[in-house]
Each structure stands twice: as C-alpha cells, then as structure tokens.
Amino acid sequence: MCVNYSIVISDECPDDWNRVLIKNKIGNIYNTKEYAQYARNWLDWSPFFFRIIDKKGIILLQVILFYYSPKSKKFPKLFRPLIKKLKSSIRWNYGPATNSSNSLLYFFDYLKNQKKYVHG
C-alpha cells in the first residue's frame with residue numbers, strides 16, 4: 001500500500017461530506033449523509049464515513065460503508081448474538097466516489113485486510 005495516503009474513518013458525518021460528493025462526477029445519493037441516516041434508521045445498518053486523503057490533504061476517495069448483520073431470527077435466541085457476529089459484513093451501495101485509480105486500489109487493499117464479508 002502507498003504511504004502517501006491516509007485513511008480517515010468516522011462514525012459521524014464530516015461537515016463537508018455532501019459538498020465533496022457534489023464536486024465529484026460519480027458522487028451519488030447513496031453516498032450522502034441523508035442516505036446514511038436512512039440506512040441507520042430503517043435498515044438497521046451502522047454507517048461509517050470512509051475517506052482516503054493524500055499527503056497534501058486532498059480527498060481522493062470517499063464512500064459510506066456499513067456494518068451489516070443479517071437477520072438471525074431463524075436461530076434460537078441464545079445463539080442469535082453469535083450468529084450476528086459471525087455473519088456480519090461490510091457493504092456499500094454505489095461508489096466509491098473517486099477520480100483516482102490508485103486510491104481505488106488502496107481502498108480495495110484496505111477491504112481485503114478486513115476480517116469480514118464484503119458486499120459492494
């Protein structure tokens with residue numbers, strides 16, 4: 001991985017999040033602050049805001065990632081927390097918003113090193 005990039009992950013939406021999306025040609029509604037709120041409230045997904053920034057402070061990539069656990073109601077109550085933990089995954093809908101192929105490779109390297117299923 002490139003040492004010229006840094007990853008910034010936040011549970012809270014940065015103030016300039018939507019503004020950066022608007023400036024990007026492939027920014028979309030599925031990466032807005034409002035979609036993150038919808039996913040949290042209605043889909044029970046836990047959003048986190050992911051950015052890759054270069055050493056000059058320029059945002060090269062941003063995407064909302066979600067921690068997601070499938071429903072485990074078909075299992076006995078005693079085992080549901082364990083099933084949810086084992087089946088948890090990271091997902092995203094459309095994106096990430098970037099114009100940099102190098103930062104995109106860096107993003108996928110990051111995901112590859114996570115110990116979760118990935119859906120994107």
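Numbers for residues simply follow the sequence, beginning at 1.
Rounded to the nearest 0.5 angstrom, Trp45 CH2 and Leu65 CG are separated by 11.5 Å. The distance from atom CG of Asn102 to atom CG of Asn4, rounded to the nearest 0.5 Å, is 10.0 Å. From Tyr67, atom OH reaches atom CZ of Arg91 across 15.0 Å, with rounding to the nearest 0.5 Å. In this structure, Ile52 CD1 and Ile9 CD1 are separated by 9.5 Å, a value rounded to the nearest 0.5 Å. Separation of atoms CG (Leu61) and OG (Ser101) is listed at 11.0 Å; rounding is to 0.5 Å. Rounding to the nearest 0.5 angstrom, the gap separating the CG atom in Leu60 from the CG atom in Asp54 is 4.5 Å.
Pairing each heavy atom of Leu21 with each of Ala97, the nearest pair is CD2-CB, 3.8 Å. The two atoms that bring Ala36 and Ile64 nearest to each other are CB-CD1, 3.9 Å, heavy atoms only.
Between Gln62 and Pro14 the shortest side-chain heavy-atom distance does not fall below 4.5 Å.
Linking Ile, Leu, Val, Met, Phe, Trp and Tyr residues whenever their side-chain heavy atoms come within less than 4.5 Å places Tyr5 and Val63 in a single cluster. In this structure, Tyr38 is a member of the same hydrophobic cluster as Tyr94, with clusters built from ILVMFWY side-chain heavy atoms closer than 4.5 Å. No continuous path of hydrophobic side-chain contacts links Val20 to Ile26 [ILVMFWY only; heavy atoms under 4.5 Å]. Cluster membership for Ile58 and Ile7, using ILVMFWY side-chain heavy atoms within less than 4.5 angstrom, is shared.
Taking Lys25 as the reference, nothing meets the side-chain contact (heavy atoms from CB on, under 4.5 Å) condition, with sequence neighbours excluded. Residues passing the side-chain contact (heavy atoms from CB on, under 4.5 Å) test with Ile29 are Thr32, sequence neighbours excluded.
Ring geometry for Trp92 versus Phe108: interplanar angle of 30 to 60°, hence tilted.
The number of heavy atoms from other shown groups lying within 6.0 Å of CD (Gln37) is above 12. No more than 12 heavy atoms of other residues, nucleotides or ligands lie within 6.0 Å of CG in Asp15, so this atom counts as exposed by the packing criterion.
A ring-ring contact (aromatic ring centres under 6.0 Å, His included) with Trp17 is found for one member of Phe50, Phe48, Tyr35, Phe49 and no other, namely Phe49.
For the pair Asn31 (side chain) and Gly27 (backbone), a donor-acceptor distance under 3.5 Å is absent.
Residues Tyr110 and Phe107 keep their aromatic ring centres 6.0 Å or farther apart.
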